[in-house]
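Residue numbers start at 1 and run along the sequence shown. Remember, it's a predicted structure, so these values are computed and weren't measured experimentally.
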Amino acid sequence: MKFTFITLFQELIDGYFKDSILARAIEKELFSIEYTNPRDYTKNKHKKVDDYAVGGGAGLTLMPQPFFDLLHDLKQKEQQTPCIIVVSPAGKPFRQSDAIRLSKKKHIVFISGRYEGIDERVVEKYADEVFSIGDYILTGGELPSLVMCDAIVRNIDGVLGNLNSLQEESFNDLLLEAPSFSKPAVFNCISTPSEYLKGNHSKISR
């Protein structure tokens with residue numbers, strides 16, 4: 001599986017894949033990542049990719065031209081049509097069910113906006129899905145893209161190593177996973193609940 005991040009700031013994303021589970025999964029070629037910068041496609045001689053919004057208002061909006069050319073080029077190069085995802089406060093909430101569903105895709109492209117967002121014509125022309133990760137505003141789309149990528153990747157076979165880790169997770173069947181306790185059973189005079197010590201899985205699962 002391949003993920004492509006369309007972003008002005010590759011460094012904000014790249015470091016997350018350098019350690020731990022995701023780094024090992026990349027080494028095993030369970031998935032791959034690549035980056036594309038809209039500045040490489042702009043026709044502006046100063047490499048500008050933003051401009052003032054039509055109708056005025058504060059802030060700048062990312063222009064359509066670099067994204068149209070970039071996404072057209074990307075789709076021409078791919079044998080299979082990628083799934084293109086835009087992150088936006090106006091998108092539908094991203095759920096665990098979406099992460100599981102999207103983990104079956106061959107290629108996912110995340111478009112990370114900046115400033116006041118991406119020209120809506122890019123979204124209307126190219127987006128297959130538009131997601132939000134919560135009712136709050138961030139300075140850019142890199143973090144939401146990374147959050148969704150992490151949630152998707154861990155559902156790829158082999159990434160977590162132990163398939164049982166995916167069986168009874170939070171948000172499966174709209175429920176939350178039970179609290180976790182490590183050994184020792186008693187620490188700082190606080191005991192682990194007896195249901196855990198007896199292996200009573202029926203009570204734990206409630």
Side-chain angles (χ1 to χ4, degrees), residues 1-14 16-17 21-23 25-44 47 49-50 61-134 138 140-160 166 171:
M1 185 175 188
K2 180 166 72 172
F3 294 90
T4 299
F5 291 90
I6 297 175
T7 173
L8 297 170
F9 303 102
Q10 173 181 332
E11 298 80 6
L12 295 179
I13 300 172
D14 196 41
Y16 191 72
F17 297 98
I21 293 171
L22 300 188
I26 290 175
E27 288 178 4
K28 294 177 182 177
E29 299 182 351
L30 297 176
F31 75 99
S32 63
I33 55 172
E34 64 180 20
Y35 303 93
T36 306
N37 193 323
R39 293 193 195 281
D40 296 333
Y41 285 82
T42 183
K43 294 179 180 177
N44 182 280
K47 293 294 183 181
V49 294
D50 53 21
T61 300
L62 291 170
M63 301 185 295
Q65 176 273 312
F67 290 90
F68 265 64
D69 289 358
L70 187 163
L71 291 165
H72 175 77
D73 187 43
L74 187 151
K75 295 184 81 169
Q76 290 292 108
K77 291 177 180 177
E78 295 295 319
Q79 293 182 348
Q80 292 186 321
T81 304
C83 175
I84 298 174
I85 296 175
V86 174
V87 292
S88 167
K92 65 180 180 179
F94 183 75
R95 307 291 191 194
Q96 177 69 6
S97 57
D98 296 308
I100 295 170
R101 172 176 58 84
L102 292 168
S103 70
K104 306 299 189 290
K105 300 286 187 181
K106 297 294 184 182
H107 184 189
I108 294 178
V109 178
F110 291 107
I111 304 179
S112 299
R114 277 272 150 178
Y115 317 122
E116 291 300 306
I118 304 169
D119 189 294
E120 186 64 19
R121 288 167 288 192
V122 177
V123 180
E124 293 175 358
K125 171 72 174 177
Y126 285 105
D128 295 303
E129 308 222 32
V130 183
F131 286 112
S132 166
I133 65 164
L138 299 171
E142 285 78 14
L143 273 176
S145 296
L146 189 52
V147 165
M148 289 188 287
C149 182
D150 185 295
I152 294 167
V153 161
R154 64 193 308 280
N155 288 284
I156 298 173
D157 287 347
V159 169
L160 293 187
L166 294 171
F171 308 114

In sequence, state the C-alpha distance, the side-chain angles, and the governing distance for Leu62 and Val122, and then conclude on side-chain contact (heavy atoms from CB on, under 4.5 Å).
CA-CA 10 Å; Leu62 291 170; Val122 177; over 6 Å; no
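- Looking at every heavy atom in both residues, Ser88 comes nearest to Val130 through CB-CG1, 3.8 Å.
- Ile152 places a side-chain heavy atom less than 4.5 Å from the side chain of Phe94.
- For Phe17, there are no ring pair (Phe, Tyr, Trp, His ring centres under 6.0 Å) partners two or more places apart in sequence or in a different chain.
- Considering only heavy atoms from C-beta on, Ile33 stays 4.5 Å or farther from Ile13 through its side chain.
- Using a 4.5 Å cut-off on side-chain heavy atoms (C-beta onward), Phe31 and Ile26 make contact.
- Heavy-atom contacts from other residues, nucleotides or ligands closer than 6.0 Å to CZ of Phe68 number more than 12.
- By the neighbour-count criterion of 12 heavy atoms within 6.0 Å, atom NZ of Lys106 is sparsely surrounded, having that number or fewer from other residues, nucleotides or ligands.
- Between Pro66 and Pro38, the closest heavy-atom pair is CB-O, 3.6 Å.
- Summarising the geometry of Gly91 relative to Ser132, their closest heavy-atom pair is O-CB, 3.6 Å, with the distance given to 0.1 Å.
- In terms of heavy-atom proximity, Arg114 sits nearest to Leu12 at NH2-CD1, 3.3 Å.
- The two atoms that bring Val87 and Pro144 nearest to each other are CG1-CB, 3.9 Å, heavy atoms only.
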Using the rule given for side-chain contact (heavy atoms from CB on, under 4.5 Å), can you reason through Leu102 versus Phe131, listing the C-alpha separation, both sets of side-chain angles and the distance that settles it, and then say yes or no?
CA-CA 12 Å; Leu102 292 168; Phe131 286 112; 4.1 Å; yes
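- The number of heavy atoms from other shown groups lying within 6.0 Å of CZ (Arg39) is above 12.
- More than 12 heavy atoms of other residues, nucleotides or ligands shown are found within 6.0 angstrom of NZ on Lys104.
- For Tyr115, the side-chain hydrogen bond (donor to acceptor under 3.5 Å, both in side chains) criterion is met by no residue, not counting sequence neighbours.
- A salt bridge links Lys2 to Glu78: at least one charged side-chain nitrogen sits closer than 4.0 Å to a carboxylate oxygen.
- Residue Glu142 holds its CD atom at 15.5 Å from OH of Tyr16, rounded to the nearest 0.5 Å.
- Annotation: side chain of Phe5 is not in contact with side chain of Asp14 (no heavy-atom distance under 4.5 Å).
- Between Asp128 and Pro82, the shortest heavy-atom contact is OD2-O, 3.4 Å.
- The closest side-chain heavy-atom distance from Ile84 to Lys75 is below 4.5 Å.
- Comment: Arg95 does not engage Asp98 in a salt bridge, judged by the lack of any side-chain N to carboxylate O separation of less than 4.0 angstrom.
- Atom NZ of Lys125 is surrounded by 12 or fewer heavy atoms from other residues, nucleotides or ligands within 6.0 Å.
- Atom CD1 of Ile85 and atom OG1 of Thr4 lie 11.5 Å apart (nearest 0.5 Å).
- Asp69 contributes atom CG, which lies 8.5 Å from atom CG of Asp73 (distance to the nearest 0.5 angstrom).
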